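Just so you know, residue 1 is the first one in the sequence shown, and it goes up from there. In this text, all values refer to a predicted model and were calculated from it rather than measured experimentally.
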Amino acid sequence: MSNLSVALVQTDIVWEDTANNLNNLSKKLASISEKVDLIVLPEMFTTGFTMNVDSVKEKIEGEAYNWMKKMSQKLDCAIYGSVITEDEGGIYNRGYFFFPDGSHKIYDKKHLFTLAGEDKVFTAGSTRKVIDYKGWKIMPQICYDLRFPVWSRNNLEYDLLLYIASWPKKRKFHWNSLLPARAIENMSYVVAVNRVGSDDNNLDYSGNSKAIDYSGEIVAAAKEETEEIVIVHLDKEKQSNFREQFAFLKDMDDFIITHFTG
């Protein structure tokens, strides 16, 4: 079974300045000293978590899209992050998962953050996704999705759950509590990347990006309130052995399997 090396990019984001953010990230990714399989960026990594979509939204194959495609090919690895995207009349908080060959899959954020009015601006996604990559089945999710455990229920037999976020510092206890819960209940690795810094909504972000194993143990973590790239190596064989020893997923409620297949 293959292992997977993942780079968690915990970074500040310049408010609504795509060009500046992409330039900063290009420099950061160039500094990664070892070959990795997957790079994970925060939610809305080109703009910050803004509802001012008219000034920053992108059409399909826009600036951020093309940057992600170029970087995945240049670095010969997959990249996951979300971008404000206009598609067929709707605005989506769209997660792009680019493969090393420049092809991609998308995941549109399902649970829109009503407290910030995201539901009034964006169109909700409707489909869970599992992405096949290097022998791993990966489920991408975005920020507020974390609070809804049924949406991540592991009846799709995934190996890795990805969360990208703009999760405010004042609710970091919830972030730090919910992530291990998702790992434990789904017996899956969880990789979560949150931004740092402050935004024009007067919100502060502490990061707390981390990788958690199938038993809920933190296996790698970024320093709080620090721009940092953390690399973690995930071991699929260890996870498979753990799942065989503790076969909790086999006891999943039949109602969930029958009525919520994604």
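A tilted orientation is assigned to the rings of Trp136 and Tyr189, their planes being inclined by 30° to 60°. Ring-plane geometry between Trp151 and Tyr107 is classed as tilted, the angle between the planes lying from 30 to 60 degrees on a 0 to 90 degree scale. Under the 30°/60° scheme for interplanar angles, the aromatic rings of Tyr214 and Phe242 are found to be tilted. Note: Phe45 and Trp67 have tilted aromatic rings, judged against thresholds of 30 and 60 degrees for the angle between ring planes. Note: Tyr144 and Phe148 have perpendicular aromatic rings, judged against thresholds of 30 and 60 degrees for the angle between ring planes.
The environment of NZ in Lys105 is sparse: at most 12 heavy-atom neighbours from other residues, nucleotides or ligands sit within 6.0 Å.
A donor-acceptor pair shorter than 3.5 Å cannot be found between the side chains of Gln239 and Asp213. Looking only at atom types and distance, the side chain of Asp204 has a donor-acceptor partner in the side chain of Ser198 under 3.5 Å away. Checking Asp37 against Ser5 by side-chain atom types alone, a donor-acceptor pair falls below 3.5 Å. With 3.5 Å as the limit, one finds a donor-acceptor pair spanning the side chains of Asp199 and Tyr205. When only modelled atom types and interatomic distance are considered, Asn176 and Lys210 share a side-chain donor-acceptor pair under 3.5 Å. Checked by atom type, the side-chain pair Asn208/Glu224 shows a donor-acceptor distance below 3.5 Å. No side-chain donor from either of Asp87 and Thr85 sits under 3.5 Å from a side-chain acceptor of the other.
Annotation for Ile184: hydrophobic cluster partners, listed by chain and number, are none (ILVMFWY side-chain heavy atoms under 4.5 Å, direct or chained).
Taking 4.5 Å as the limit, some side-chain heavy atom of Leu249 sits within range of a side-chain heavy atom of Arg243. Annotation: side chain of Val6 is in contact with side chain of Val40 (closest heavy-atom distance under 4.5 Å). No side-chain heavy atom of Leu234 sits less than 4.5 Å from a side-chain heavy atom of Asn3. Taking the side chain as every heavy atom from C-beta outward, Ile164 and Pro42 never approach each other to under 4.5 Å. Looking at Val9 and Leu25, their side chains come closer than 4.5 Å, going by heavy atoms from C-beta outward.
The two residues Val56 and Thr50 come nearest to each other via the heavy atoms CG2-CG2, 4.0 Å. Shown here for Arg94 and Ile142, the closest heavy-atom pair between the two residues is C-CD1, 4.5 Å. Shortest non-hydrogen contact noted between Met51 and Val121 is O-CG1, 4.0 Å. Residues Leu178 and Arg147 come closest through the heavy atom pair CD1-CG, 3.9 Å. The two residues Ser152 and Arg182 come nearest to each other via the heavy atoms OG-CD, 3.5 Å.
In this view, Tyr92 satisfies the ring pair (Phe, Tyr, Trp, His ring centres under 6.0 Å) rule with no residue, not counting sequence neighbours.
Trp167 does not carry Lys172 over the face of its six-membered ring by the limits of under 6.0 Å from the centre and within 45° of the normal.
Here CG of Leu203 is found 9.0 Å from CZ of Arg195. Values are rounded to the nearest 0.5 Å. The CD atom of Glu86 lies 11.0 Å from the CD atom of Glu88; values are rounded to the nearest 0.5 Å.
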Show me the donor-acceptor pairs within less than 3.5 Å that the side chains of residues 74-84 make with the rest of the protein, sequence neighbours left out.
unit_1, atom_1, unit_2, atom_2, d
Tyr80, OH, Gln141, O, 3.3
Ser82, OG, Met44, N, 2.8
Ser82, OG, Asn93, OD1, 2.8

